[in-house]
Amino acid sequence: MALPNVLETPPSGFNFENVFRNVALEGLLEGGRTKAPKPMKTGTTIAGVVCKDGVVLGADTRATSSEVVADKMCAKIHYIAPNIYCCGAGTAADTEKTTDLLSSNLTIFSMDSGRNPRVVMAANILQDMLFRYRGQIGAHLILGGVDCTGSHLYTVGPYGDIDKVTYLAMGSGDLAALGILEDRFKPNMELEEAKELVRDAIHSGIMSDLGSGNNIDICPTRSQSLKTRGKYTSIILVQHLF
Amino acid sequence: ICDFLCIKNTRGLRSQLKDSVPVTGLGTQIGAYGVQDTLRSGFSSVKNELLPSHALELSEKNFQLNQDKMNFSTLRNIQGLHAPLKLQMEYRAARQIQRLPFLQSSHLALDTLKGNDESISFEDILNDPAQSEMMGEPHIMVEYKLGLM
């Protein structure tokens, strides 16, 4: 309860003061006309595939707020490190903030030690962070990247469970995308073939799921041995024609 | 010190937490005669006191303490009693390097010892004490800290 006198500075981090008030308000609102605002979910299809010299990640671009499309061009592929990218499904704000924190932590690490971050470090940091909050942070993430030990693709669930796989789909449209991936995935594919596979997987997710739609973002993360001009990763936007 | 900093986030054994901090974080301010101090902390409600309002409230309150307990316990098992003792002595010394309670202190020495200067978590972003909406009255805060209240 709000006191006129503060006896010591409140601790930093999450603040649970308003939880009782929110519970009481929700009880009042359900009987009335108005509803409590719902968080924006991404209602997504995201997919990732490990190919010969790297990893290809793909995502759709629709963000929904229960039945309404809240954002038609939402960026779901987040930058973690020059060699690591992460797709996020679930509550939009949670994925955004968690990947931001992860990126900052890895930058501090690489400035400190002078080394490029590895994908397994990113996965462990996420695991610790998400388990600490017992799934209250609704972030379903696909983490993919290339480092000195090779190319890796991890999935991290909201409770902190990790799986290391070669092809993956998550989000509400994951079953449709997984069908395409299961059918056409081959180990050690070429980059262009992998990009097409991911594009078709996201496409089938968009077609079969109401929560996914609009456009497809594809992000290939290539190993440094390929000689490329300028930046060696780029997010390619594929327009979806209805 | 290097060894300790490497095991900052151990997923420790359950057995190490046998005697962890008990769940009394939700208790009210006890005033004179062991009763709730209504003047200073407002009215009390049994429901507020018994049940944690949010699933994470207790776990977050005790989180740092539990982590430290686990780490010290593991360190004691590996290196002997002297290791946690020396570290805790350093922590105590570093914790005293701060300003009066109503002013912002940077806790630089303590953060460096604990390794918090190399990581960012929600504690650094949310609820920054430097931007707190409430300002404590200086005299009351100092009295509370010294235990005179």
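Below, chain A is the first sequence line, B the second, and so on; all start at residue 1. Computed from a prediction, not measured in an experiment: that's the story for all the values here.
The shortest non-hydrogen separation linking B:Glu118 to A:Asp112 is OE2-OD2, 2.9 Å.
Scanning residues 154-163 of chain A against chain B with a 4.5 Å non-hydrogen threshold yields no residues. For residues 96-108 of chain A, heavy-atom neighbours of chain B at less than 4.5 Å comprise A:Lys97, A:Leu101, A:Ser104, A:Asn105, A:Ile108, sorted by residue number.
Using modelled atom types, no side-chain atom of A:Ser12 and backbone atom of B:Asp124 make a donor-acceptor pair closer than 3.5 Å.
No more than 12 heavy atoms of other residues, nucleotides or ligands lie within 6.0 Å of CZ in B:Arg76, so this atom counts as exposed by the packing criterion. More than 12 non-hydrogen atoms from other residues, nucleotides or ligands lie less than 6.0 angstrom from NE2 of B:His82. Around NZ of A:Lys72, the count of heavy atoms belonging to other residues, nucleotides or ligands within 6.0 Å does not exceed 12. Within a 6.0 Å sphere centred on CZ of B:Phe102, heavy atoms belonging to other residues, nucleotides or ligands number more than 12.
Under the side-chain hydrogen bond (donor to acceptor under 3.5 Å, both in side chains) criterion, A:Arg118 pairs with no residue, sequence neighbours left out.
Contact annotation for A:Met111: neither backbone nor side-chain heavy atoms come within less than 4.5 Å of a heavy atom of chain B.
For residues 109-129 of chain B, the set of pairs meeting the ring pair (Phe, Tyr, Trp, His ring centres under 6.0 Å) definition, not counting sequence neighbours, comprises A:Phe14-B:Phe122, A:Tyr133-B:Phe122.
Note that CD of B:Gln67 and CZ of A:Arg132 are 7.5 Å apart. Values are rounded to the nearest 0.5 Å.
Counting heavy-atom pairs closer than 4.5 Å to chain A, the top-ranked of the candidates B:Ser59, B:Ser121, B:Pro129 is B:Ser121.
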